[in-house]
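The next block holds one structure in the form of structure tokens; read it before the comments.
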Amino acid sequence: MATLAAPPPPALLDRGLEVTLDGGARHYFNYYWLRDNCATSFDPETRERVYDIFAEDTPPRATRASVIDDALVIEWAGSGHRSTYPLAWLGAHAVAGPRPDPAVLPREYWYADHYPAIARFAFDAVSTDRATLKDWVHALLTQGVAILTHMPDSDQGLTDAANLIGFPRPTFFGAYFDVRLHIDPDNLAYTAKALELHTDVPAEDLPPGVQFLHCRRNSVDGGESLFVDGAAVAAELRRTHPEDFRLLCETTVPFYNEHDAYDMRARQRVIELDDHGDIAGVTMSQHMADVFDHDQRFLDAYYPAFCRFGRLLQDPRFVMRFRLNAGECIVFDNHRVVHARSAFVAESGERYLRGTYTDRGELRSRWRKLSGEGRFSA
Ligand code: OGA
Ligand code: ZN
């Protein structure tokens, strides 16, 4: 009977070793990387790395390596320390590049007709039921927008909702904001005027990732909400005008927000790509775009691209238009969803939205834990 030949043993090289993994291919692993990621490097309690590779006097080097019971076992020069790496674990790290992240879910683009299909969840249900909370987070990651219904008519209601998926994230105007008529407004939002399609607070270094707008009163004539899936629009621009798309991805433009007590400035890319080259987000705000400071001849190309994208955002194919009702809280990805409101008649009633932000990092963390696919959950 033919016997399968045993795979060749690990080969010790100068700066790393080669080992045969499942499937029979030889893979190279660097000694620093192996030593740094020995299971004993991590504190079981905090799960953080406590091994200090900077303290090694000489570059790590293996004196022996063998495969025992589907694991690579290494003995290190100097210390004699033994490290054990399951071959399956090495296999999962054998190919360079960002590892699959359970919180990177395929985006479901939506269009003007999305309103009846928006994911809706009762505030009580997301507060008390883990499965509903998970569905809400899923909707935010895939669709970028969801509505909480039956919100308590209180400030605490918004705080409680935000705490379910992150931490209320302050910006330069504080942890919460009240969108209603202000005397001496320092922001268009606090007037009865229309607000053009925008993402919020691009003048912050890191504009907040998730936005909450809790509608407490809305009895005015006008004041409709307009929401657009900016990622869907960016994908359309990439398809129809790839050169414009490239300019918007590669160029940072300045944004500002300046008044008596503050002078915020930051540069953003109108379209952001992730490490895979996929559309990660958009930033748009005409009312907060600073005077562009680029070479004027470059602007010959940039401005038409910027305007084409701005007009495409307004295309009726993409704009979802509806009235936000008292008791609803719309929650959306501020790096993906572009929003606006139509002008309203100030004397016709009362309009009051209370808002806050959280960040996308905490939202993704929530998903990894709720889905049981986190780093240490396997
Ligand atoms: C804002 C905003 C929307 C609205 O305050 O940034 O977009 O409906 N408000 O008033
Ligand atoms: Zn806004």
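All figures in this text were calculated on a predicted structure; none of them were measured in a lab. Note that ligands are numbered from 1 as they come in the structure, with each ligand's atoms numbered from 1 the same way. One is the number of the first residue; the rest follow in order along the sequence. Only heavy atoms go into these numbers, but all of them, side chains included; no hydrogens, no water, no symmetry mates.
Proximity to Leu353 (heavy-atom distance under 4.0 Å) selects the following atoms of ligand 1: 4 (C), 8 (O), 10 (O). The distance from ligand 1 to the heavy atoms of Ala189 drops below 4.0 Å at these ligand atoms: 1 (C), 5 (O). Atom numbering of ligand 1 starts at 1 in the shown order; those under 4.0 Å from a heavy atom of Asp200 are 6 (O). When each atom of ligand 1 is checked for a heavy atom of Val179 under 4.0 Å away, the hits are 5 (O), 10 (O).
Taking the ring centroids of Phe322 and Phe227, they lie under the 6.0 Å cut-off. Taking the six-membered ring for Trp and the full ring otherwise, Phe306 and Phe292 have centroids separated by under 6.0 Å. For Phe177 and Tyr357, the ring centers are positioned less than 6.0 Å apart.
Taking the Zn ion (ligand 2) as the apex, the angle formed with NE2 of His339 and OD1 of Asp200 is 100°, to the nearest 10 degrees.
The pair Arg238-Asp278 does not count as a salt bridge, with every side-chain nitrogen at least 4.0 angstrom from each carboxylate oxygen.
When distances from the Zn ion (ligand 2) to the N, O or S atoms of His198 are compared, NE2 comes out shortest.
Ranking the protein heavy atoms by distance from atom 2 (C) of ligand 1 puts Leu195 CD1, 3.4 Å first. If you check which protein heavy atom lies closest to atom 8 (O) of ligand 1, you get Arg351 NH2, 2.7 Å.
Close N/O approach between His198 and ligand 1 is found [any backbone or side-chain N/O within under 3.5 Å].
Residues Asn334 and Arg360 bring no donor and acceptor atom of their side chains to less than 3.5 Å of each other. Between the side chains of Tyr302 and Glu250, no donor-acceptor pair is found at a separation under 3.5 Å. Side chains of Asp200 and His339: a donor on one and an acceptor on the other come within 3.5 Å.
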